[in-house]
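Structure, as structure tokens:
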Amino acid sequence: MGQIEWAMWANEQALASGLILITGGIVATAGQFTQWYFGAYSILSVAGVFICLLEYPRGKRRKGSTMERCGQKYMTKVVKLFGPLSRNYYFRAFLHLGLSVPAGFLLATILGTACLAIASVIYLLAATRGEQWTPIEPKPKERPQVGNTIKQPPSNPPPRPPAEARKKPSEGGEEVVAEAPSGPQENPIPVTDEVV
């Protein structure tokens with residue numbers, strides 16, 4: 001069995017927790033909870049939106065193929081600008097843990113806080129296993145060269161007769177031509193022209 005790549009799990013968990021934090025922040029701010037400013041923190045300032053932007057691009061797997069998210073190539077360029085900070089999973093683990101603390105003081109955002117703390121633990125596990133974020137680079141498409149793909153061009157122009165009607169070489173070196181039915185064929189079912 002292959003080894004589990006923990007960073008993939010942490011990425012999905014962190015992205016979901018960012019969306020949960022945004023939702024809880026909207027509920028807390030719109031409902032004017034007593035500490036609604038923690039809800040605003042969860043939406044706008046750093047937590048929800050920043051986490052979603054950081055976690056949207058998936059990292060490349062070590063083995064096998066990785067399916068990109070829709071529009072990921074644009075966000076990958078932004079995340080690559082952060083350099084080693086975005087690639088290092090130790091940094092992501094402590095960043096997510098630190099961002100989850102202020103949102104934990106409000107009931108509407110505590111679920112997002114718990115999910116983000118779990119993602120932080122999974123990122124820490126991935127970092128201790130030696131994993132790091134690498135972007136999914138598009139593979140250059142190789143165009144097949146026409147001269148190499150066609151081994152022997154057809155000698156007979158289309159439309160070609162069926163395979164049994166083509167020329168077949170015999171053992172004696174003489175060519176035998178299979179006879180194709182010529183002329184009209186007889187219909188075994190009688191056809192009558194009756195109109196009712």
Side-chain angles (χ1 to χ4, degrees), residues 1-139 141:
M1 285 183 99
Q3 291 187 356
I4 295 174
E5 292 189 34
W6 292 101
M8 299 294 283
W9 291 97
N11 177 265
E12 298 293 331
Q13 180 76 22
L15 183 63
S17 65
L19 296 172
I20 294 168
L21 275 174
I22 290 172
T23 306
I26 290 171
V27 168
T29 306
Q32 291 296 310
F33 283 29
T34 49
Q35 296 177 330
W36 64 269
Y37 42 88
F38 287 124
Y41 163 81
S42 298
I43 303 170
L44 302 173
S45 63
V46 181
V49 176
F50 178 71
I51 290 168
C52 289
L53 293 177
L54 179 66
E55 296 296 332
Y56 189 73
R58 283 187 178 133
K60 185 177 179 183
R61 296 176 64 187
R62 289 183 185 173
K63 294 180 183 177
S65 61
T66 309
M67 188 166 183
E68 275 188 347
R69 289 190 174 109
C70 182
Q72 172 177 331
K73 58 186 172 185
Y74 307 112
M75 285 305 303
T76 301
K77 293 175 185 175
V78 175
V79 173
K80 280 171 59 174
L81 290 176
F82 291 113
L85 293 180
S86 63
R87 280 185 257 136
N88 189 348
Y89 286 146
Y90 283 112
F91 176 75
R92 283 194 187 192
F94 292 117
L95 175 73
H96 290 336
L97 191 62
L99 290 175
S100 67
V101 171
F105 294 112
L106 188 60
L107 183 61
T109 58
I110 199 156
L111 179 62
T113 300
C115 292
L116 196 57
I118 291 169
S120 175
V121 169
I122 298 172
Y123 266 133
L124 193 59
L125 179 64
T128 57
R129 302 273 171 126
E131 297 178 32
Q132 71 173 6
W133 186 82
T134 53
I136 300 173
E137 300 290 337
K139 295 179 182 176
K141 295 181 180 178

Residue pair [X] / [Y]: nearest heavy atoms and the distance that separates them:
X    : Y    : result
A28  : G39  : CB-CA, 4.0 Å
A14  : Y123 : CB-CE1, 4.3 Å
I110 : G104 : CD1-O, 3.8 Å
F38  : P102 : CD2-O, 3.2 Å
S120 : A93  : OG-O, 2.5 Å
L116 : S17  : CD1-OG, 3.2 Å

Quiz prompt | Check: T128 and Y90 side chains under 4.5 Å, non-hydrogen atoms | solution = yes
Practice problem: Report yes if the side chains of F50 and L95 come closer than 4.5 Å at any heavy-atom pair, otherwise no. | Solution: yes
Quiz prompt | Steps toward side chain to side chain contact (heavy atoms under 4.5 Å, CB included) verdict (T113, F105) | solution = CA-CA 9 Å; T113 300; F105 294 112; over 6 Å; no
Quiz item: Among pairs that include at least one residue of residues 97-115, which meet salt bridge (charged side-chain N to carboxylate O under 4.0 Å, His left out), considering only residues two or more places apart or in two chains?
Solution: none
Quiz item: For residues 84-100, which residue pairs qualify under salt bridge (charged side-chain N to carboxylate O under 4.0 Å, His left out), counting only residues two or more places apart or in two chains?
Solution: E55-R92
Quiz item: Atom CG of L106 and atom OG1 of T34: how far apart are they, to the nearest 0.5 Å?
Solution: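 So the CG of L106 and the OG1 of T34 are separated by 7.0 Å.
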Exercise. Would you give the length of the straight line joining atom CG of L97 to atom CD1 of I118, rounded to the nearest 0.5 angstrom?
Key: 12.0 Å
Quiz item: Partners of L111 by side chain to side chain contact (heavy atoms under 4.5 Å, CB included), sequence neighbours excluded?
Solution: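 Applying side chain to side chain contact (heavy atoms under 4.5 Å, CB included) to L111 gives I20, C115.
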Quiz prompt | Any residue meeting side chain to side chain contact (heavy atoms under 4.5 Å, CB included) with T29, in chain and number order, not counting sequence neighbours | solution =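 By the side chain to side chain contact (heavy atoms under 4.5 Å, CB included) rule, T29 matches W36, A40, I43.
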Quiz item: With sequence neighbours excluded, what pairs up with E12 under the side-chain hydrogen bond (donor to acceptor under 3.5 Å, both in side chains) test?
Solution: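 Residues passing side-chain hydrogen bond (donor to acceptor under 3.5 Å, both in side chains) with E12: R58, R69.
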Quiz item: Ignoring hydrogens and geometry, is there a side-chain-to-backbone donor-acceptor pair from E131 to W6 under 3.5 Å?
Solution: yes
Quiz item: Between the side chain of T109 and the main-chain N/O of A103, is any donor-acceptor distance below 3.5 Å?
Solution: yes
Self-check item: Pairs touching residues 58-78 that satisfy ring pair (Phe, Tyr, Trp, His ring centres under 6.0 Å), sequence neighbours left out
Solution: none
Practice problem: Begin with the C-alpha distance, continue with both residues' side-chain angles, and end with the deciding distance and a verdict on side chain to side chain contact (heavy atoms under 4.5 Å, CB included) for N11 and E5. | Solution: CA-CA 11 Å; N11 177 265; E5 292 189 34; over 6 Å; no
